[in-house]
Amino acid sequence: METNFTEINCTVCNNANPLLYTTLYYKSNLNVVECQTCGFIFIPPYYRKQITYTQYKNKDVADIVRKANNWVKIERHKIRYNLIKKYKKPGSTLFDLGSGWGHFMLTGNMLGYHTTGIEIAEQPYLYSKQDLQLNVQHINFFDYNTPHQFDIITMWDVLEHIDDANSVIKKCAAMQSSKGIIVIQVPQIDSYFAKKYKDQWKMMGLDHVNYFGKKTITKLLAHHGYTVLTIKSSFEIKLFLMYTLLPWAKKIKTKFFKTTTKSSNTINTEQRQQYYNNITTKPLWQLKLMMKIHNLIYYTLEFFNVGEEMIVVAQKK
C-alpha cells in the first residue's frame, strides 16, 4: 500500500518535500508518516480530508452531563491547577482553548483565576455558558480577538485534533506577553504505551491528526518564542474508565450472554457519559475515598513517567 503525500507539509519544521517522509503505519483508512527532517509524526492531508467533526456531543449527551456529579470533576481538575499554580498564582488571567463542558474553567474561577474560553461544539458551549455561567465564546479560534494578553493559555486534548497546529501556537504567542505560560496536554507518541502498541495504540485514529513527542512539541513551541519548563506524563483515569474499562466490561457481558449484534459492540458518547455518571454518583464519603485513590494512582504514574499523554508547560520569552 502506498501513502498519498498530496499537499503534505510538516507543521513543526515546514518540510514540504514528499521524498523526506517515511511511512510508519499503513492502516485501513489512514497512513501515518514521519518527517525525516524533524521526526514529527502525523496523518497526511489526503487522509485528514476524511475527517468530519460532527456535533457528536448532542443534546442527549448534554442532558446526561447535567446529571453528573460536578464535585468529582472539580476535584479532578484541581490536579491540573496544582501544576499551574507552581508557575502562575491565583489572580492570573487564563484562556482555555477548547473549553469543552467548562468544568476546568469553573474550577479555576473557584480557585481565584480569571478564566475566559472558546468552545466550537454547540452543546458544551451552551452548557458552560448557560448552566455554569462561564465566560465562553462560541467562535472559531482564529476569529477571536482580545484587547489584552493572558497570563496562562491552556489546551487540554485539543492540539492533536487541529490540522495546522503551527498557526494555533503562533496565535497563542500573540495573545501572551513575556513570561506568560502555555499548558498543553496531548497524546504522547514516544510514550511507553504508544511504543508498545504501535499502530494498534488506541490514541491513533483519524480524529487525532498530530502525534507529538517531547522533542517535536519542544521544537514547535521554541519556534514561537516559548521555552519548555517541564514535561510531565499524564494518565487520564476518566478516559481509562470510559474508553478502556467500559469496552472491556461490555465485551465480557456480550460474551457471557452470547450476544453479537452490532449494537452490542457499539459504544456511543451517551453510553460513555452515563457509565461515568454511574461510577461518580456514589455517597460523598465513597467519592472522597475514590478521589484519594485516584490522586494516588495519578501521581504515582506521573512519578514513574507512565502515561499515554504528556502535559507540557512552556513560558514565553
Side-chain angles (χ1 to χ4, degrees), residues 3 5 7-27 30-48 51 83 97-98 141 153-174 176 181-236 302 305-317:
T3 300
F5 293 106
E7 300 177 352
I8 197 166
N9 184 274
C10 178
T11 196
V12 173
C13 71
N14 205 33
N15 170 26
N17 185 349
L19 299 178
L20 295 178
Y21 285 94
T22 302
T23 302
L24 288 182
Y25 304 120
Y26 295 100
K27 295 174 72 71
L30 62 93
N31 290 341
V32 180
V33 303
E34 180 177 14
C35 174
Q36 295 181 20
T37 303
C38 70
F40 181 53
I41 297 171
F42 63 100
I43 298 174
Y46 172 81
Y47 304 96
R48 299 177 189 176
I51 304 172
L83 174 62
L97 173 53
F141 177 53
I153 293 179
T154 56
M155 281 182 275
W156 302 104
D157 301 305
V158 171
L159 200 61
E160 66 269 27
H161 298 281
I162 299 175
D163 188 53
D164 190 0
N166 180 62
S167 294
V168 171
I169 301 301
K170 180 180 180 180
K171 184 172 175 66
C172 287
Q176 291 195 288
I181 67 166
I182 188 168
V183 184
I184 301 170
Q185 177 169 282
V186 287
Q188 184 180 352
I189 193 64
D190 53 0
S191 67
Y192 165 79
F193 292 99
K195 291 178 179 178
K196 179 179 180 179
Y197 293 104
K198 300 181 180 180
D199 62 324
Q200 298 303 310
W201 185 37
K202 73 173 185 289
M203 293 284 188
M204 187 169 288
L206 275 177
D207 56 335
H208 291 169
V209 297
N210 301 316
Y211 301 100
F212 290 99
K214 291 181 179 180
K215 290 183 179 180
T216 51
I217 193 69
T218 299
K219 184 178 181 66
L220 175 62
L221 289 167
H223 182 68
H224 296 286
Y226 286 100
T227 300
V228 170
L229 302 176
T230 188
I231 299 179
K232 292 183 174 291
S233 176
S234 176
F235 189 88
E236 288 289 347
E302 178 187 84
N305 198 33
V306 176
E308 294 186 286
E309 299 188 83
M310 60 181 171
I311 300 176
V312 183
V313 181
Q315 184 176 64
K316 189 178 178 185
K317 297 177 182 178

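Here the structure is a predicted model, which means the values were calculated and not measured.
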What residues form a ring-ring contact (aromatic ring centres under 6.0 Å, His included) with [X], not counting sequence neighbours?
| X | answer |
| --- | --- |
| Y226 | none |
| Y21 | F42 |
| Y211 | none |
| W201 | none |

Using side-chain heavy atoms (C-beta onward) and a distance below 4.5 Å, is [X] in contact with [Y]?
| X | Y | result |
| --- | --- | --- |
| D157 | M203 | no |
| L159 | V168 | yes |
| K202 | Y197 | no |
| I182 | I169 | yes |
| I41 | L24 | yes |

Set of side chain to side chain donor-acceptor pair (under 3.5 Å) partners for [X], sequence neighbours left out:
| X | value |
| --- | --- |
| N17 | none |
| N305 | none |
| S233 | none |
| T154 | D96 |

Compare every heavy atom of [Y] with every heavy atom of [X], then report the nearest pair and how far apart it is.
| X | Y | value |
| --- | --- | --- |
| I43 | V32 | CG1-CG2, 4.3 Å |
| P44 | V33 | CG-CG1, 3.7 Å |
| A194 | I189 | CB-O, 3.2 Å |
| K316 | A173 | NZ-O, 2.5 Å |
| P18 | A16 | CD-O, 3.3 Å |
| C35 | N15 | SG-ND2, 3.4 Å |

Return the [atom1] to [atom2] distance between [X] and [Y], rounded to the nearest 0.5 Å.
| X | Y | atom1 | atom2 | result |
| --- | --- | --- | --- | --- |
| Q36 | C10 | CD | SG | 11.5 Å |
| F193 | Q200 | CZ | CD | 16.0 Å |
| C172 | I184 | SG | CD1 | 7.0 Å |
| C38 | K215 | SG | NZ | 11.5 Å |
| F212 | K219 | CZ | NZ | 12.5 Å |
| K232 | I311 | NZ | CD1 | 8.5 Å |

According to side-chain contact (heavy atoms from CB on, under 4.5 Å), who are the partners of [X], at least two apart in sequence or on a separate chain?
| X | answer |
| --- | --- |
| Y26 | M1, T3, T23, N31 |
| T11 | F40, D164, A165, N166 |
| V228 | T218, L221, I231, V312, A314 |

### Task
State whether a side-chain donor-acceptor pair under 3.5 Å links S191 with E309.
no
### Task
Answer with yes or no whether the side chains of D190 and Q188 bring together a donor and an acceptor at under 3.5 Å.
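There is such a pair (donor and acceptor under 3.5 Å, judged by atom type) between the side chains of Q188 and D190.
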### Query
Between the main-chain N or O of T227 and the side-chain N or O of K317, is there a donor-acceptor pair closer than 3.5 Å?
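Between the backbone of T227 and the side chain of K317 there is no qualifying donor-acceptor contact (under 3.5 Å).
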### N/O donor-acceptor pair under 3.5 Å between H208 side chain and E160 backbone
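No.
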### Query
Which residues satisfy the salt bridge (Lys or Arg N to Asp or Glu O under 4.0 Å) test with D163, sequence neighbours excluded?
R48
### Task
Answer yes or no: are there more than 12 heavy-atom neighbours, outside F141 itself, under 6.0 Å from its atom CZ?
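Atom CZ in F141 is crowded, with more than 12 foreign heavy atoms closer than 6.0 Å.
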### Task
Count the heavy atoms of every other residue, nucleotide or ligand shown that sit under 6.0 Å from NZ of K27, and state whether that count exceeds 12.
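Yes, the 6.0 Å shell around NZ holds more than 12 heavy atoms from other groups.
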